[in-house]
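Here's the structure, in structure tokens; my notes come after.
For clarity, every value in this text was computed on a predicted model and none was experimentally measured. Count residues from 1 along the sequence. Counting starts at 1 for both ligands and their atoms, following the listed order.
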Amino acid sequence: MKHLIIVDEAEKVFHLTNGDISYLLAVEEGGLLAHLYFGKAVKDYHGQRRYPRIDRGFSGNLPDSLERGFSPDTLLREYAGAGEGDYRLPAILVEQANGSQATQFVYDRYEVLAGKPTLEGLPASYVLDDSEAETLVVYLKDAVAGLELALSYTIYADRPVITRSARLDNQSDASIKIEKMASMTVDFPAQALDLISLPGAHVNERHINREALSYGQKRLASRRGTTSHQMNNTMILAQQKTDEFTGEAYGFGLVYSGNHALEIERDQIEQTRVVIGINEEQFSWELTAGAHFQTPEVVMTYSHQGLNALSQAFHSLIRDRVARGKYQHALRPILVNNWEATYFDFDEAKLRPIVDEAKQLGIEMFVLDDGWFGHRDNDDSSLGDWFVDKNKFPNGLNGFADYVHSQGLKFGLWFEPEMISEDSELFRNHPDYRLAVPGRKPSPSRQQFVLDLGREEVREAVLVQVEALLDQGYIDYIKWDMNRHLSDIFSASLPAGRQGEVFHRYTLGLYDMLERLTSKYPDILWEGCSGGGGRFDISFAYYMPQSWTSDNTDVVARLGIQYGTSLVYPPSVMTSHVSAVPNHQTGRITPFNTRGDVAMSGVLGYELDLTKLTEEEKELVKAQVAVYKDIRELVQYGNFTRLKSPFEGNETAWMFTNADKSEILVFTFLVLNSAQQSISQVKLTGLDSDKIYENVETKEIFGGDELEHMGWFEAPADHDFLSRRYHFKAIK
Ligand code: DGJ
């Protein structure tokens, strides 16, 4: 096998390359680990990239060195501590027994491993066999503090992806306190870079924000205990001229669902430092003698062909080497969910006709959303009491599930296992199970509170109930929801000195639950959700191959949300539903076809009362379901390309292409029509220019080169909120 990691033993230069990308690092004077390069592959490195030496005022030097031109403060580095004369953002802060936070990690040794080791207790990208990747582990030591830092770098053989993580071993005989420990640092040489991030809000997730980086620091973070709607834990740095199709871009994604911080700093000489990891605010971790701490992973991608290629690298990694289990590559069922159809106002008698109608329309699964348990007739009660409400389901949940199955549909169920209502048996029996600070009243949000999942007995109290239901074998799908963020951060199980661990322990506890459930019930399809897309992150795809993209089902809003989400996440992860009009979030009235086309651009579902549809609408649903069954594989597992951005104008367009480019599906959307419209052109990309394609509906014939270079003019629009779908197949 060809090695992916070349080590120059004499110069201590490490070159990770797969022929597509190269990542280089080297041991510099004083044992400092320096960054050399990340970008398009170079075959062999000949040592020319020596960091110039300049004596700069106020950038100090190494102890015992007379070399004034070499400073940790300006060197491009791989990971830095504090107190060592590097005044830029530190990756690690450790309080030692003498109270000092200073560290000085210097090179000790390295090892190269075949494949990619798993990360203890944490989700991460993986390999199926060792030939897929190689891992470099560089060990740095701080002899005074008695600490060993292991920096891991994995390069995949056939992906433009490097993954990073760090592990700290306390080899001293005293406890230390980690105050900050990032997963990675990388320093970019001086250049103008744009930062692209995915901020948002509930019902307005992941819109694209692009800004030129200037001096000082920029911080993309969550302190909400979870990934959050407000700031996704992924970002892109791009050359200023980079667009969807051309130019260099670097992608970063933290594989974690807790508090994150993605820090960017442009330094005094226009170099850019990136530090990504667990948010250090409200974080500390006691590391006793002999113990170790493992950070989550960061996935880094690179493209020199624009943002689409960068996104495609993320998409394929998430789909193929993060997602797992039976549904990883399986066609996802078309579902109907009763949330926007009934909210809490339902019982079995009211739901049965929806199930009947779903069967008639070709829908494949019925999902029973919130309100089936305890006495939950509104969102004030019952979280924690995961037993069926007999008033709503007199024949038990199994009785209703049997009915759904008898109609030939799968049966799915909603849970919100991380939460507790004050009005619940769980709370009456265990009031201390929620997060609450002694002497203070915890703050409600949606009238609910958060369970202290860092405690094993708390997880167990929920798991026994969930498993009692799943053991009955009639549940085919679970929607795992989370409808508030963490506050009142205090755990009854931890001593005063360890309260800084609560946030991270919560996330580790959550992962422990998810690992146990998803491995114990491998036949269940799991869907992630947190009030829509509040936990849309790479780590969740490790447990759940799909996630509810947003509680906003309005098509105009969804164009932006789905477009932004696609910067990192593939369509197979994004669930999208056709809902009623006027839309429940925006009041907007849009055509049924457009609602279908937006929802068909991800994992399709319906979220409306099917019994209230007109006969004409039912025919439209039938047609959409039939079309989706035909294009489903292409949408869920094809290559997704963005063509026109909703953030740049009135039009949106995107396309799906299968592996051998013999099938192409294009969606175009117009938001507002105008009386004096300009004529839109659509041009495709990434086709086989030698192939001849036929439009499946109109039977028109086009060359691949024609579709790419000339494209076509869209027919004039005659109303607002217009969508169009074009399906091409190669005929030669
Ligand atoms: C938030 C989810 O995003 C919705 O789809 C729905 O499941 C509600 N929670 C139920 O409370």
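Considering only residues two or more places apart in sequence or on other chains, Arg376 meets the salt bridge (charged side-chain N to carboxylate O under 4.0 Å, His left out) condition with Asp370.
Between the side chains of Thr565 and Glu205, no donor N or O sits under 3.5 Å from an acceptor N or O.
Aromatic rings of Phe373 and Phe415 (six-membered ring for Trp) have centroids beyond the 6.0 Å cut-off, not under it.
The neighbour count for Glu281 CD, taken as heavy atoms of other residues, nucleotides or ligands under 6.0 Å away, is above 12.
Cation-pi geometry between Arg319 and Tyr637 is not met at under 6.0 angstrom from the ring centre and within 45 degrees of the axis.
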With the criterion set at N/O pairs under 3.5 Å, what does the list of contacts between the protein and ligand 1 look like, atom names and distances included?
residue  : atom   : partner : partner atom : Å
ligand 1 : 3 (O)  : Gly532  : N            : 2.8
ligand 1 : 3 (O)  : Asp551  : OD1          : 2.4
ligand 1 : 3 (O)  : Asp551  : OD2          : 3.2
ligand 1 : 5 (O)  : Lys479  : NZ           : 2.7
ligand 1 : 5 (O)  : Trp548  : NE1          : 3.3
ligand 1 : 5 (O)  : Asp551  : OD1          : 3.4
ligand 1 : 7 (O)  : Asp369  : OD1          : 2.6
ligand 1 : 7 (O)  : Asp369  : OD2          : 3.2
ligand 1 : 7 (O)  : Trp414  : NE1          : 3.1
ligand 1 : 7 (O)  : Lys479  : NZ           : 2.9
ligand 1 : 7 (O)  : Asp481  : OD2          : 3.3
ligand 1 : 9 (N)  : Asp481  : OD2          : 2.7
ligand 1 : 9 (N)  : Asn483  : OD1          : 3.4
ligand 1 : 9 (N)  : Asn483  : ND2          : 3.4
ligand 1 : 11 (O) : Asp370  : OD2          : 2.6
ligand 1 : 11 (O) : Arg446  : NH1          : 2.9
ligand 1 : 11 (O) : Arg446  : NH2          : 2.9

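Closest approach of Leu453 and Arg459 over heavy atoms only: O-NH1, 2.8 Å.
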